[in-house]
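Scroll down for the structure; my scribbles are underneath it.
Scope of the values below: all heavy atoms of this structure, side chains included, with no hydrogens, waters or symmetry mates.
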Amino acid sequence: MYTRFLTFIIFSFIACASAQWQQEIRLTNDPSVSYLSYNNAHCIGVDGSSIHIVWWDGRDLDREIYYKNSFDFGQTWSEDTRLTNIVGWSEYPAIAVTGNYIHVVWQDDRDLAFHPEIYYKRSTDGGISWEQDKKLATDPSEPGLPSLAVAENTIHIVWIDLRDGNTEIYYKSSLDNGVTWLPDVRLTNDISISERSSIAVNNEKVFVVWQDERDNDKEIYFKKSSDNGNTWSGDIRLTNSAGESETPVIAANGENIYVVWSDSRDGVGNAEIFFKRSSDNGLTWSEDIKVKSSPVASNRPSLAVSSDFIHISWNEVWEVYYTRSSDNGTNWDSSYLISNSPSWTSENSSIALSDSAVHIIWMDQKSGNEDIYYIKNSTGNIITGINSIENQAPSQFLLSQNYPNPFNPVTRINYTIPANGFDQTKVILKVFDILGNEIATLVNEYKNTGSYTVEFDINSFHKIISSGMYFYTIETNHNKAVKKMILLK
């Protein structure tokens, strides 16, 4: 049985120690494709206990924008609401929420097939009713892939635009909650491709990042406005990588600016998630920080910040993962597998925060077609546990007995990775029932030398776990161990 435990391998990461993720909820249920944007625009907006999401959907024989909401912190959800009703494709929506005002932008080719334009609509009563569509940017410039940010009554939008003969970043704003709009502003002016823009706002300060090919590969650029978009700084290059730096997303919190992106500097086909921050509104920047090392490609990150907490979700091998930092990006929790659909495609997550909670939506094929799923961690935005219990370099491999034992519903497992001449060691820690069926993968990642604690919480997994004896096993490149534990309800 011990051999069976240790040879049953799948690639997944589960359980950062403080995670209390609730059971996922399937939000769409239609045989057509329900699709979330991947242009670094948020498809979920939260205000207090109200959660609002947008996506585009193929159920109407073309592509239309749909919306739904929850007013009880994600426990129950409204029916799907169709926001567009046109002949043509409406795609890539973004949403922002402030109180009862809900703002949505998207690209739309209703006026000429395959020539998108930027449209906007709003609700002033929390999504109960919606005003008419409003065209913001028009053909023949072929604008698309909008990103949206709101501060009080001011709305800020960026998008890609071809009116200048190549792909540039354009910007537009409204100072009266979307009633009237100021003229378009061209933010980039280079013969290369500028695309994948993302926008954040803090009072009258507006921040934009995008990927740019002016340096003969893809690098991340940044610019800002300190006067609500009236004037703008020059372009600032944030990365200088031998690989491609792509799909950036930006967030602002006070004077702190955060940028996350996918970067292949460590090898073609092995993009990883990188992060950097500014503590002075973008005047100076930290060094690039690799959030997670992985032997497989990681891309399309989503980002949300609150106080010193930074939350990131991303794609990895057609799964959705999550991590957070509780100290402003200095240290990061272990990766947490959000989607857990090894036989299906899961991708394009979008993340939002409200008080102590973290909310994530993503696309998943586990139902047989693309549907939207939602999951919440009610305590993910506060400190509830620890991951690493010491930074010393131990000399011996160790798997400790779980404590408490028996347990219900939570127990902790300590393990130690000794110095072995390598920078990191691959660690796989799993739980099995007495028949050898896998119950959970608690760790499946590379670890530095040190001692660690991981929680096994039976309420965190999407299955019923009964009382009885269980085994937990650990495997590294050079060591294996197994121990028993008892769940007593």
Side-chain angles (χ1 to χ4, degrees), residues 11 13 37-41 145 147 158 160 166-169 187-188 190-200 207-223 234-251 257-278 282 284-303 310 312-323 325 329-332 334-335 345-349 351 422-424 426 445-448:
F11 292 98
F13 301 127
S37 300
Y38 59 87
N39 56 304
N40 305 324
L145 302 181
S147 182
V158 288
I160 62 170
N166 61 290
T167 306
E168 302 285 357
I169 307 300
L187 294 188
T188 59
D190 191 87
I191 59 174
S192 64
I193 295 175
S194 303
E195 60 180 343
R196 302 294 183 199
S197 55
S198 176
I199 191 168
F207 311 97
V208 178
V209 290
W210 69 95
Q211 70 184 47
D212 202 295
E213 298 184 19
R214 69 184 70 178
D215 306 298
N216 298 318
D217 60 359
K218 296 177 182 178
E219 301 287 354
I220 307 304
Y221 273 74
F222 163 85
K223 71 189 311 169
D235 303 348
I236 299 172
R237 181 176 174 178
L238 293 187
T239 61
N240 191 357
S241 165
E244 294 190 335
S245 304
E246 302 178 279
T247 58
V249 61
I250 191 168
I257 313 300
Y258 309 87
V259 178
V260 178
W261 70 95
S262 175
D263 201 301
S264 62
R265 67 184 64 184
D266 295 325
V268 176
N270 186 30
E272 298 171 305
I273 303 301
F274 276 74
F275 158 85
K276 72 189 311 171
R277 66 174 179 259
S278 170
T284 61
W285 291 85
S286 71
E287 296 295 322
D288 301 349
I289 298 170
K290 186 188 297 186
V291 174
K292 289 297 172 186
S293 297
S294 173
V296 296
S298 304
N299 51 40
R300 297 182 184 178
S302 184
L303 170 68
I310 309 168
I312 304 172
S313 61
W314 69 94
N315 293 357
E316 188 173 312
V317 197
W318 304 117
E319 294 279 18
V320 173
Y321 288 83
Y322 160 86
T323 189
S325 171
T330 302
N331 298 289
W332 294 86
S334 300
S335 302
T345 296
S346 305
E347 58 182 345
N348 295 2
S349 60
I351 190 169
F422 298 95
D423 290 337
Q424 291 187 318
K426 182 63 177 292
E445 61 181 304
Y446 287 86
K447 289 287 190 181
N448 294 319

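When all heavy atoms of S241 and S245 are compared, the pair lying nearest together is CB-OG, 3.8 Å. Residues P248 and V209 share a closest heavy-atom pair of CB-CG2, 3.9 Å. Here the shortest heavy-atom pairing between S197 and V208 reads CB-CG1, 4.5 Å. The two residues K276 and E287 come nearest to each other via the heavy atoms CB-O, 3.9 Å. Across all non-hydrogen atoms, the minimal contact from P301 to V249 is O-CG1, 3.9 Å. When all heavy atoms of S198 and S147 are compared, the pair lying nearest together is CA-OG, 3.7 Å.
A donor-acceptor contact shorter than 3.5 Å links the side chain of N166 to the backbone of S192. Under the 3.5 Å distance criterion, the side-chain polar atoms of S313 are left unmatched by any main-chain donor or acceptor of Y321. Using modelled atom types, no side-chain atom of T247 and backbone atom of W261 make a donor-acceptor pair closer than 3.5 Å. Of the possible polar contacts, none joining the N315 side chain to the S346 backbone as a donor-acceptor pair under 3.5 Å is found.
Here the options are D288, T239, N240, the test is side chain to side chain donor-acceptor pair (under 3.5 Å), and the partner is R265; only D288 passes.
Proximity of E246 to S264: side-chain heavy atoms (C-beta onward) are nowhere separated by under 4.5 Å. E168 has its side chain out of reach of L187: every pair of non-hydrogen atoms, C-beta onward, lies at least 4.5 Å apart. Using a 4.5 Å heavy-atom threshold, the side chains of D235 and K223 count as touching. Contact check for I193 versus D212: no side-chain heavy atoms found under the 4.5 Å cut-off.
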Evaluate the criterion side-chain contact (heavy atoms from CB on, under 4.5 Å) for residue pair I250 and F222; output intermediate values, then yes/no. CA-CA 9 Å; I250 191 168; F222 163 85; 4.0 Å; yes
Would V260 and I273 count as a side-chain contact (heavy atoms from CB on, under 4.5 Å) if you check the C-alpha gap in whole Å, the side-chain angles of each, and the deciding distance to 0.1 Å? CA-CA 7 Å; V260 178; I273 303 301; 3.5 Å; yes
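Judged purely by distance below 3.5 Å, without hydrogens or angles, the side chains of S298 and E316 pair a donor atom with an acceptor atom. A donor atom on one side chain and an acceptor atom on the other are not found under 3.5 Å apart for T188 and D190. Side chain to side chain, N299 and Y38 fail the donor-acceptor criterion of an N or O pair below 3.5 Å.
Taken to the nearest 0.5 Å, the CD1 atom of I191 stands 11.5 Å off from the CD atom of E213.
Taking the ring axis of F274 as reference, the NZ or CZ atom of K290 does not stay both within 45° of it and closer than 6.0 Å to the ring centre.
Ring geometry, Y258 versus F275: the interplanar angle falls under 30°, so the pair is classed parallel (tilted spans 30 to 60°).
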